[in-house]
Every structure is written in C-alpha cells, then in structure tokens.
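These notes concern the structure reproduced below.
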Amino acid sequence: MMRSHSLRHLTATTTTISSPSWLPKFRSSSSSALASLSFAQNPQENQQQQQKQQTQQKIYCNSSNDDKKSDSNRASSYFPKRGQELELVCESLAYKGKGVCKVADTGFVVLCDRVLPGEKFIGRVTRKKGSYAEVTKLKTLSPHWDSVDAPCEYASYCGGCKTQNLSYEAQLRAKEGQVRDLVVHVGKFSDKDPEFAGIMKPIVPCDIQFHYRNKMEFSFGLKRWFPKESLPKRGDHIENYALGLHAPGFFDKVLNIDKCLLQSEPANLVLAAVQDYWRDPQLGLSPYDVHSHSGFLKHLMLRTGSDVKTGLPELMVNFVTSSYKPELLKPLVEKISSVPEVVSIMNNVNTSVGNTSVGEEEYTLYGKSNITETLRGLTFQISANSFFQTNTHQAEVLYKLIEDCAGLRDDGSEIVLDLFCGTGTIGLTLARWVKHVYGYEVVPQAISDACRNAKLNNISNATFVQGDLNKIGGDFGNAFPKPDIVISDPNRPGMHMKLIKFLLKLKAPRIVYVSCNPATCARDLDYLCHGVGDQNIKGCYKLKSLQPVDMFPHTPHIECVCLLELS
C-alpha cells in the first residue's frame, strides 16, 4: 500500500501553467528550438532527432513562400545574421533559464541569457544553431513582469542566481512550464490526453529560498573580474587577486565574492575571514594561475552539516592546493578554526592542471575528517569529496516523494535496484521497508561512503557495487534478483541506451525515475514508454505521474520525480 504524504503546493492560481499565448502560432519553430536547446549539452544526442528537426525546419521555412522575392525577404528575417541587432521581447524561460524570444513578424526563435519574461531589450545575434539563434543582451528597454529587487549585490554578474530579480512565484511558473513543454515536445506525451492533467503534478516549492545550500565551492584567481562600470585603475597585482566564482564565460577570471546568500551564515563567516587575510603579502600565498600552472591556492570548499546530538550546524573547510605545504596554510587554519561551527579543516592536494577540487591526496589540518547530516531519520557521514544532496531541507521533501512513488508494501518482501546510487542515500532510506537494496555507482569513493553509511545506520540489507552503468553487458542482470522496484537517479546526460534496453528487457513492475535534467528525463521517458522506432525497440511502461520539485530557488535547475508502471 502506498504511504500518503502531505506537501505544501502553491495554490492553483499560481501553479496552473498554460502555454504562452504565442506558442500555438509558432509551435513548429519554438518546439524545435526547445528540443535543440535541451539536447545541446547531451553527449548521447540522438541523430534521428537532429535529422527530424532539420527536416521540420526546411518544411516550415519553405511551406509559405510564394515567389523568389518573398523567399529572399523571409530568409533575411527568419535567419538573422551574426552581429545583427534586434529589438526583442522575452516570452518565457526555456530550460537552463535562457529567455525565449521571437523575431517580429516571423516568429523565428532566438534565445538569450539573462532576460526574463516580458522584458523588452536590444540583443545582438552571436550564433545560429539551425532552428534557432542565440543573442546577447545589449540594453534593456523596459523591465520584465514580476520584477523584484535582487537582495544579492552580485546577482547581476554571478552566474549562479540568474533569476533573483524574478518573483519566486514567477520562477515556479516558469520551471513548471519548462517541464511541461519538454514532456510534450521531447517526451511526446500529449497534453490533449485527458489523463495528462493527472500525470503532470504542480511543482513543489522550496520553503527556504536563501541559505539553503550545504556546499559551496569558490575559486582562487590571479585575474579579478570587474563589471565594466567599475573597472579599477591599474594598480598592484595583488589587487587583482580574487576569491569567488568564475565570471560567466571566463575560465581564468574570478568574480570576487565576500558573501553568498545561498550558503549558511557560518560558511559566510569563514569566507569573510579568509577574504580578510589570504592576500597579506607576509603569508606568501598565491592563487593558482590556469595559464602558467603556477601558484598554490586553487579552491575553497565550504560544507555545512549538523551535529547529530545537538542539531547545531557544523562546518567543514577544504583548501584545494597544487601541492602539500601545510606551513603556508597554518596561519589561515589558526584564524578560521576560531569560528565555533568549524569542526574540520581539510587539504586536498591536486597537482593536475584540470579545474577540479578532488585531490590525489587528502590531509586533515584541524579537527575531524568528516561532518554529519541527518536525512529521513538516518545519519550520514560527509567527507570532503562525498556526494550529498546540496539542499538538505528540500532533500527531505524529495526523498519522501520517492518513497511514496515506490509504493512499498511495508512487508519487507521487495527487492529494490538503486541505479546511480551515489553514496546510497535513496537506497538506504528505503532499506528499512524492503527485503534488500542493490545499489550501483561508477565513483569508487561514493561506494565506499555508501557502505560506511549503511554500517553507521546498522543497515545490513543493502549491497553497493562499483560499476559503470553506461557500459553494462548482457549479463548485468545476473548479479541480483529481479527487482520489484527500480530507482534511477542518473546525472545530467540521463540514461545510456544500453541501460534503457536492459530496463525494457527486465520489465520491473515499477520504475521511479529521479532526474536533475528535465530534457534528458523527457527523452528517456519517451524511450521507456513509446520505444525507439529506428532501433525496433518497443516501450513497455506507462507514465503515471511526473512531479517537478524546486530544489534550487533562483537558479534554472529543476528536479523531477517520475513514476512508471509496467503496462
């Protein structure tokens, strides 16, 4: 029997999403653009989808041309040239938070970053991608709908919180609309179907809209990025040192951040302490130079957990450096260890030239080597490089939804297959209700953490195996009994076709698909439910519910929990 739950949804007046008024008129071009955008970053991009979009574009562009003169005029308006400046109005937000606009009189779709619905602006075409073009905003002519004042001083420049100046209710409407459009256009589920309204659930809002992140990673930089209006005069090179977030579009320039409204207050205290101290020439500290590959300080990672006994916050500070020189870090360690919440200071040493915070070696400079967090009644140990849900508060909501979708019988008889299990958080929260959980994950450290967390919580009916789910063989299913429930929580590229084929052959009664990328989620739902025509693969599942969840307010990221049942 499925356990019930109660979650706060927005009222119908704020969550019921209808297609923008312009969408029916320009369905061909907008849906093609949306699909193109959705798959732009997907390494498993489907060739058939590309060919289909190209064919649709040719038909759409040529169908209404009556003569050569008309063809020439329409071509220039349909396909604006690179460098051309256009007056545009943002109609809605597409996946990843890009504004969807249309060229006047033609409806040709252009996408622009950092514009919001209702905003009228001048944009310059930067590149074309077949069925749509991309533009850069030059000047706002009139503000967007639902405008609010962004509380963060860096909101206009930082790439993390693109929609802080959009009311939260409007953010939710946009995200829900994005998921709906992707499910219809990419997933091929008809919104005209009477059952669709029951399948597509209203988005679950996040009650905490600031200070919700339990992990932030900042970069040290040799080149400090400044907005054009506040460029400083040439001065000492130390004044160009920065600690913050990479400026959008730059791998070598860093926007200096003194306070981030997404992380906890204790984390901000530590950030401020490091900012006040690390540039002192007497310390001999230098930021890493991504060009010459010289310098010492690479990243500052701050993780916030909670003490299991007291519930008070506890903080881990992780310095990522290019070499192991604890004597250089000693003054910083002494300064930040005075912050009461700091219980762990780590040093990950990364000698590679890549921009990663995971070190080949790890050292404990102060306190303990991990912090703890409680989720769904279980205790989890979090090391410097552990994967853990970034928003602990909303993870409680997400995991409750997963439990409810699983529809567990509570008799301890069921087998759960947990794919992309990470550190085992989902599988371990279900273990108390089932016979056994089998988890698979490619990252060895994550599997070690999962085994440690199982032991920490006295859970003996969970087995975690390290393995690449993108490279499974025909004998993969021999390693575990046939599952009653499959939990799949893939990373952004979604599931590989090998895994799709395996699941369609396995035919587990229920699949709970947890996605951080609604575009690849919609694609995989299409495969599982409708099949893959060019490969003569038939789908065998029916989509029963799709629940968007806002895990990260003020960002374009969206989580979805989908329930599929064997048809």
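Hydrogens, waters and symmetry mates are skipped; everything else that's a heavy atom, side chains included, is used.
A 4.5 Å side-chain heavy-atom check between L503 and L419 finds at least one atom pair inside the cut-off. A heavy-atom distance below 4.5 Å is found between the side chains of I537 and L504. Between V179 and I558, some side-chain heavy-atom pair lies under the 4.5 Å cut-off. In this structure the side chain of F189 never reaches within 4.5 angstrom of the side chain of M200, judged on heavy atoms. For the pair L469/K498, no side-chain contact is recorded, criterion being any heavy-atom separation below 4.5 Å from C-beta on.
Using a cut-off of 4.0 Å between Lys/Arg side-chain N and Asp/Glu carboxylate O, D550 and K175 are scored as salt-bridged. Using a cutoff of 4.0 Å between basic side-chain nitrogens and carboxylate oxygens, K137 and E119 are scored as salt-bridged. Between E195 and K544 there is no salt bridge, since none of the side-chain N atoms of the basic residue sits less than 4.0 Å from a carboxylate O of the acidic one.
Rounding to the nearest 0.5 Å places OG of S545 at 7.0 Å from CG of L543. Here the straight-line distance linking atom CG of D526 with atom OG1 of T520 works out to 12.5 Å at 0.5 Å rounding. How far NE2 of H436 is from CG of L430: 13.0 Å, rounded to the nearest 0.5 Å. Here the SG atom belonging to C540 is positioned 12.0 Å from the NE2 atom belonging to H530, to the nearest 0.5 angstrom.
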Cut-off 3.5 Å, no hydrogens considered: what does the side-chain donor-acceptor table look like for residues 211-218, sequence neighbours left out?
{"residue": "H211", "atom": "ND1", "partner": "L261", "partner atom": "O", "Å": "3.4"}
{"residue": "H211", "atom": "ND1", "partner": "Q263", "partner atom": "O", "Å": "2.7"}
{"residue": "Y212", "atom": "OH", "partner": "P553", "partner atom": "O", "Å": "2.7"}
{"residue": "R213", "atom": "NE", "partner": "K215", "partner atom": "O", "Å": "3.0"}
{"residue": "R213", "atom": "NH2", "partner": "K215", "partner atom": "O", "Å": "3.2"}
{"residue": "N214", "atom": "ND2", "partner": "Q389", "partner atom": "O", "Å": "2.8"}
{"residue": "N214", "atom": "ND2", "partner": "T390", "partner atom": "O", "Å": "3.0"}
{"residue": "N214", "atom": "ND2", "partner": "T392", "partner atom": "OG1", "Å": "2.7"}
{"residue": "E217", "atom": "OE1", "partner": "S357", "partner atom": "OG", "Å": "2.9"}

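In this structure, T429 contributes its side chain and I426 its backbone to a donor-acceptor pair below 3.5 Å. Distance alone, capped at 3.5 Å, is enough to place a donor-acceptor pair between the N461 side chain and the V434 backbone. Side chain of H554 to backbone of Q209: a donor-acceptor contact under 3.5 angstrom is found. Looking at Q547, its side chain does come within 3.5 Å of a backbone N or O of P202 through a donor-acceptor pair. Judged purely by atom type and a 3.5 angstrom limit, Q171 uses its side chain to pair as donor or acceptor with the backbone of T163. For the pair E414 (side chain) and R409 (backbone), a donor-acceptor distance under 3.5 Å is present.
Side-chain contact annotation: S413 with D411, donor-acceptor N/O pair under 3.5 Å present. A donor-acceptor contact closer than 3.5 angstrom is absent between the side chains of Y440 and D418. Side-chain atoms of T425 and Y399 form a donor-acceptor pair, as typed in the model, at a separation below 3.5 Å. E373 and S306 share a donor-acceptor pair across their side chains, judged by distance under 3.5 Å alone.
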Q.
salt bridge (Lys or Arg N to Asp or Glu O under 4.0 Å) for D484 and K435? Distances and angles first, verdict last.
A. CA-CA 10 Å; D484 301 281; K435 183 177 181 180; over 6 Å; no

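Environment of CG in D193: crowded, with over 12 heavy atoms of neighbouring residues, nucleotides or ligands closer than 6.0 Å. Around atom NZ of K128, more than 12 heavy atoms belonging to other residues, nucleotides or ligands sit under 6.0 Å away.
Under the rule for a side chain to side chain donor-acceptor pair (under 3.5 Å), the partners of S386 that lie at least two apart in sequence or sit in another chain are S383, D449.
The aromatic rings of F502 and F480 sit perpendicular, their planes meeting at an angle over 60°, well past the 30° parallel limit.
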